[in-house]
Trainee: 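Here's a structure for you.
Sequence positions, counted from 1, serve as the residue numbers for this chain. These figures come from a predicted structure and were not determined experimentally.
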Amino acid sequence: MIRRAHYRNAQRTLYRLLEMGTLPVVNENDTVATDEIRFGDNDRLAALVAHLVHADLLVLLSDVDGLYDGDPSSGNARRIVEVNGPDDLLG
């Protein structure tokens, strides 16, 4: 029940900010930081927030020049040129 209350409170807060014409900036380091911050935590949080407010679009900005099947700095990763659906991202 507490999780649902937190969810609804966050949802109402974000909706109100959007109604006021603001652009809420949410960063996991600000309010929900843990000792073990992993790569991509902000990306996951962005997806959760986009879902929370029923966003039409989620845009993630990166300094990586594409989508890869692994860590591009390893030298073995291959660039995924086109994604037509969820099955293209399996594995």
Trainee: Please give the remaining members of the hydrophobic cluster of Val59, linking ILVMFWY side chains under 4.5 Å, ordered by chain and number.
Mentor: Leu57, Leu61
Trainee: Working to the nearest 0.5 angstrom, can you tell me the gap between Leu14 CG and Arg16 CZ?
Mentor: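 Here the rounded value is 13.0 Å.
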Trainee: Asp65: which residues meet the side chain to side chain donor-acceptor pair (under 3.5 Å) condition with it, sequence neighbours left out?
Mentor: Tyr68
Trainee: Evaluate the criterion side-chain contact (heavy atoms from CB on, under 4.5 Å) for residue pair Arg3 and His6; output intermediate values, then yes/no.
Mentor: CA-CA 5 Å; Arg3 285 186 82 108; His6 289 175; 5.6 Å; no
Trainee: Looking at side-chain heavy atoms only, is the closest gap between Met20 and Tyr15 below 4.5 Å?
Mentor: no
Trainee: Between CG of Leu23 and CG of Leu18, what distance do you get to the nearest 0.5 Å?
Mentor: 8.0 Å
Trainee: Please name the pair of heavy atoms, one in Leu58 and one in Ala47, separated by the smallest distance, quoted to 0.1 Å.
Mentor: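 Closest heavy-atom pair between Leu58 and Ala47: CD2-CA, 3.7 Å.
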Trainee: Give the minimum heavy-atom separation between Asp71 and Ala77, together with the two atoms involved.
Mentor: O-CB, 3.4 Å
Trainee: Could you check whether atom NE2 of His54 has more than 12 heavy atoms from other residues, nucleotides or ligands sitting under 6.0 Å from it?
Mentor: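 Yes, because the 6.0 Å sphere around NE2 of His54 holds more than 12 heavy atoms from other groups.
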Trainee: Taking all non-hydrogen atoms of both residues, which atom of Leu52 and which atom of Gln11 are closest, and how far apart?
Mentor: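 Looking at all heavy atoms of both residues, the closest pair is O-NE2, 2.9 Å.
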Trainee: Does the pair Asp88 and Ile80 meet the rule for a side-chain contact (heavy atoms from CB on, under 4.5 Å), with working shown?
Mentor: CA-CA 9 Å; Asp88 292 346; Ile80 299 172; 5.7 Å; no
Trainee: More than 12 foreign heavy atoms under 6.0 Å from CG of Asn84: is that the case here?
Mentor: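 Yes - once you tally the heavy atoms of other residues, nucleotides and ligands closer than 6.0 Å, there are more than 12.
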Trainee: Go through Asn9 and Arg12 one step at a time and tell me if the side-chain contact (heavy atoms from CB on, under 4.5 Å) criterion holds.
Mentor: CA-CA 5 Å; Asn9 186 46; Arg12 283 191 300 269; 4.2 Å; yes
